Amino acid sequence: MYQGIRHIRAFLSVARLCSFTKSALELHISQPALTVQIRQLEEWLGVRLFDRNKRQVALTPVGRDLLPLLERVLTDLEAVMNAGRELAGIKRGTVTIATLPSVAADLLPNAILRFREEYSGINVRVSDVIADRIIQLVKQENVDFGISSHLGTDKELEFEDLLKDRLCVFFPEEHYLAGNPEPTLRDVAVWPLILTARGTSARAIVDRAIEKEELDISLSCEASYMSTAIGMVRAGLGVSILPASVVSSIHEGIRMMPIHTPGLVRTISIIRKRNRSLSPAAAHFIDTLKAEAQTPMAHFITQEPDDRGLYLEAVLRVKDETPGNGTTDT
């Protein structure tokens with residue numbers, strides 16, 4: 001492309017100045033080199049562009065017809081090259097992300113803020129949807145990448161673990177479970193359950209654990225949104241099993257406890273289409289996201305689930321300091 005631009009610039013300069021000598025000086029090249037460029041362009045186009053002798057240079061009729069076309073071509077090619085440089089230099093562009101609402105509400109805003117401090121010309125578009133929809137958007141290449149729970153393998157996708165989010169039981173503060181400091185899934189399952197809808201990452205983990213423990217449950221209600229499930233708990237319709245990241249939507253009268261049954265931790269992963277390159281902006285945003293994930297966050301955990309003391313201390317601190325914001329589903 002660059003060679004083509006040089007040839008078109010040479011043609012336009014000669015056409016404007018009607019002189020190979022003046023054009024060579026303007027373009028900072030030798031006159032023989034300029035002559036070669038014009039001859040090559042004529043050969044590529046299959047036409048003669050200039051009538052020239054020792055005293056004058058003039059456009060041929062074909063050259064005059066091509067002049068406005070080549071002016072537009074040069075403008076477009078220069079725009080393409082400038083855009084490419086800006087995209088490579090992360091000066092402009094868009095990063096598109098599909099993410100779980102719980103991540104969109106807590107981790108992602110801080111990552112976007114940190115990213116924009118360095119790359120102010122990049123737009124970030126976020127689709128906060130359930131896990132199944134995230135997979136669809138990534139596979140269809142409607143987004144650069146997804147942030148969701150990693151529940152299995154998929155030959156079309158690549159998963160890179162980001163952090164962990166532990167599932168807890170949410171119940172009214174006067175509930176019987178308040179007297180059990182280390183409830184298991186079996187302890188929780190004896191009560192009517194309020195679960196997120198099928199297709200959500202939390203529901204898939206809960207269903208798998210219930211099947212493994214061979215438990216019979218009473219499903220009181222299903223809700224697509226976590227805030228709805230919390231409202232149902234507050235109304236006394238049952239207890240709910242939700243990720244710890246919903247702690248920010250807890251209102252007065254609701255308590256939460258980790259469930260001491262293996263497997264009730266969802267891994268939050270960065271999901272990409274396999275064998276697809278990221279734009280420089282998207283790649284740098286993922287780096288920013290990883291850095292933000294390393295900062296202390298009570299909503300998510302990086303330690304093993306049995307590290308109960310540190311986990312509970314963090315949860316209680318955020319519960320005291322963070323007002324409810326209506327976090328949705330996962």
Side-chain angles (χ1 to χ4, degrees), residues 100-103 129-135 148-153 164-269 299-301 304-306 308 311-312 315 319 324 326-330:
L100 298 173
S102 53
V103 177
V129 293
I130 64 173
D132 283 356
R133 182 59 179 155
I134 292 172
I135 297 298
S148 184
S149 179
H150 182 187
L151 297 177
T153 59
K164 297 183 184 297
D165 192 8
R166 186 172 186 175
L167 269 63
C168 299
V169 57
F170 292 75
F171 53 88
E173 59 184 9
E174 301 299 330
H175 195 277
Y176 177 83
L177 283 170
N180 185 349
E182 297 186 3
T184 65
L185 182 59
R186 189 172 297 277
D187 297 327
V188 173
V190 300
W191 304 99
L193 294 182
I194 301 165
L195 301 179
T196 54
R198 294 186 184 278
T200 61
S201 60
R203 178 62 179 272
I205 294 172
V206 172
D207 285 348
R208 187 171 56 191
I210 288 172
E211 181 179 359
K212 183 178 180 180
E213 294 288 317
E214 299 181 345
L215 300 176
D216 292 324
I217 67 168
S218 172
L219 184 60
S220 172
C221 298
E222 291 181 305
S224 295
Y225 294 92
M226 287 187 176
S227 55
T228 304
I230 291 296
M232 292 176 175
V233 171
R234 188 167 56 251
L237 297 175
V239 302
S240 188
I241 301 174
L242 301 170
S245 51
V246 79
V247 66
S248 60
S249 67
I250 292 181
H251 297 284
E252 185 177 354
I254 302 294
R255 293 191 60 184
M256 63 172 285
M257 285 186 182
I259 302 174
H260 291 266
T261 296
L264 290 177
V265 175
R266 65 173 186 172
T267 300
I268 304 297
S269 302
H299 297 182
F300 301 97
I301 57 175
E304 291 301 315
D306 59 359
R308 187 168 58 93
Y311 175 73
L312 285 177
V315 167
K319 185 176 183 295
T327 302
T328 56
D329 72 300
T330 175

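Just so you know, these numbers come straight off a predicted model, no measurement behind them.
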Verdict with supporting geometry, Phe171 and Trp191, side-chain contact (heavy atoms from CB on, under 4.5 Å) = CA-CA 10 Å; Phe171 53 88; Trp191 304 99; over 6 Å; no
In Å and rounded to the nearest 0.5 Å, what is the SG to CD1 distance from Cys168 to Ile259?
-> 7.0 Å
What one should report as the nearest heavy-atom pair of Leu100 and Ala131 is CD2-N, 3.9 Å
Decide yes or no on side-chain contact (heavy atoms from CB on, under 4.5 Å) for Thr261 and Asp187, but give the supporting numbers first.
-> CA-CA 10 Å; Thr261 296; Asp187 297 327; over 6 Å; no
Please answer whether the main-chain N or O of Thr196 pairs with a side-chain N or O of Arg203 as donor and acceptor at a distance below 3.5 Å.
-> yes
Criterion side-chain contact (heavy atoms from CB on, under 4.5 Å) on Val239 and Val233, from CA distance to verdict = CA-CA 6 Å; Val239 302; Val233 171; 5.6 Å; no
Would you find a donor on one side and an acceptor on the other, under 3.5 Å apart, between the side chain of Ser240 and the backbone of Ile194?
-> yes
Is there a donor-acceptor pair closer than 3.5 Å between any side-chain N or O of Asp207 and the backbone N or O of Ala204?
-> no
For residues Thr184 and His260, report the shortest heavy-atom separation together with the two atoms involved.
-> CG2-O, 3.6 Å
Check the pair Leu195 / Thr200 against side-chain contact (heavy atoms from CB on, under 4.5 Å), numbers first and verdict last.
-> CA-CA 10 Å; Leu195 301 179; Thr200 61; over 6 Å; no
For Ala197 and Ser224 the tightest heavy-atom approach is CB-OG, 4.0 Å
In this structure, CG of Leu177 is separated from CE of Met256 (nearest 0.5 Å) by 13.0 Å
Distance-minimising heavy-atom pair for Met257 and Pro183 = SD-CD, 3.9 Å
Does some side-chain heavy atom of Val103 sit less than 4.5 Å from a side-chain heavy atom of Asp165?
-> no
Taken to the nearest 0.5 Å, the spacing of Arg255 CZ from Glu174 CD works out to 9.0 Å
Least distance between heavy atoms, Ile205 atom then Gly263 atom = CG2-O, 3.5 Å
Between Leu237 and Pro192 the two heavy atoms that sit nearest each other are O-CB, 4.0 Å
Does Arg186 reach the main-chain N or O of Glu213 with its side chain, forming a donor-acceptor pair under 3.5 Å?
-> yes
Could you tell me the separation between the CD1 atom of Ile230 and the CD1 atom of Ile254, rounded to the nearest 0.5 Å?
-> 6.0 Å
Got a second to check how far Leu215's CG is from Leu193's CG, nearest 0.5 Å?
-> 9.5 Å
Gap between atom CE of Met232 and atom OG1 of Thr228 - 0.5 Å precision | 6.0 Å
